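Here's the structure, in structure tokens; my notes come after.
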Amino acid sequence: MNSPWVLLLLAIGAEVIGTSCLKLSQGFSRPVPTVVVLAAYAISMTLMSRVVQVLPMGLTYALWSGIGIVAIVMIGLLVYNQVPSQGQLIGMALITAGVITVNLGGHPG
């Protein structure tokens, strides 16, 4: 198996690509963005299924979702001009703090 950390980063990247294309799919009414969304999510889930065989599931999901959320907010800002509110920024800070806490908490074993 490839490095689970590399696979996790690829899974996060695929999920971010899929989520970023959701708006472009216009409710799955446009074929090309729809195929990109579905393929990206399939790739992400396939990679995640391999990662959780090696890394703890809670750690894997915390990283996948936390990094994904922050990346999507940044893409929303840069691509779609969606400026996050102060509350959303505080929420992202809390998510980031949570991901860091999960990672520093050690691995049960």
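Being a predicted model, the structure only gives us computed values, none of them experimental.
Contact detail for Val16 and Gly68: the closest heavy-atom pair is CG2-CA, 4.0 Å. Counting all heavy atoms, side chain and backbone alike, Pro33 lies closest to Cys21 at CB-O, 4.1 Å. Contact detail for Ala40 and Ala14: the closest heavy-atom pair is CB-O, 3.2 Å. For the pair Val99 and Ala62, the tightest heavy-atom approach, listed with the atom from each and the gap, is CG2-O, 3.3 Å. Listed here is the closest heavy atom pair of Thr34 and Ser25: OG1-CB, 3.6 Å.
Hydrophobic cluster membership differs between Ile17 and Leu63, with clusters built from Ile, Leu, Val, Met, Phe, Trp and Tyr side chains linked at under 4.5 angstrom. Put simply, Met45 and Val6 are part of the same group of oily side chains (I, L, V, M, F, W, Y) that touch within less than 4.5 Å, one to the next. Hydrophobic clustering of Ile, Leu, Val, Met, Phe, Trp and Tyr side chains at less than 4.5 Å, counting indirect connections, keeps Val36 apart from Ile75. No continuous path of ILVMFWY side-chain contacts below 4.5 Å connects Met74 to Ile90, so the two sit in separate hydrophobic clusters.
Residue pairs meeting the ring pair (Phe, Tyr, Trp, His ring centres under 6.0 Å) criterion with at least one member in residues 54-76, sequence neighbours excluded, are Tyr61-Trp64.
The hydrophobic cluster containing Val37, built from Ile/Leu/Val/Met/Phe/Trp/Tyr side-chain heavy atoms closer than 4.5 Å, also comprises Leu22, Phe28, Leu38, Tyr41.
We find the CD1-CE distance between Ile72 and Met92 to be 11.5 Å, quoted to the nearest 0.5 Å. Remark: Leu7 CG to Ser44 OG distance equals 11.0 Å, nearest 0.5 Å. Within the model, atoms CG of Leu77 and CD of Gln88 stand 11.0 Å from one another, a figure rounded to the nearest 0.5 Å. Here CG of Leu47 is found 10.5 Å from CD1 of Ile12. Values are rounded to the nearest 0.5 Å. The CD1 atom of Ile95 sits 12.0 Å away from the CD1 atom of Ile67 when rounded to the nearest 0.5 Å.
Here Thr60 pairs with Leu8, Met48, Val51, Val52, Leu55 under the side chain to side chain contact (heavy atoms under 4.5 Å, CB included) rule; sequence neighbours left out.
In this structure a side-chain-to-backbone donor-acceptor pair under 3.5 Å is missing from Arg50 to Pro4.
For the residue pair Thr19 / Glu15, a side-chain donor-acceptor distance below 3.5 Å is found, with atom types taken as modelled.
Atom CE of Met57 sits in a sparse spot, with 12 or fewer heavy atoms from other residues, nucleotides or ligands closer than 6.0 Å.
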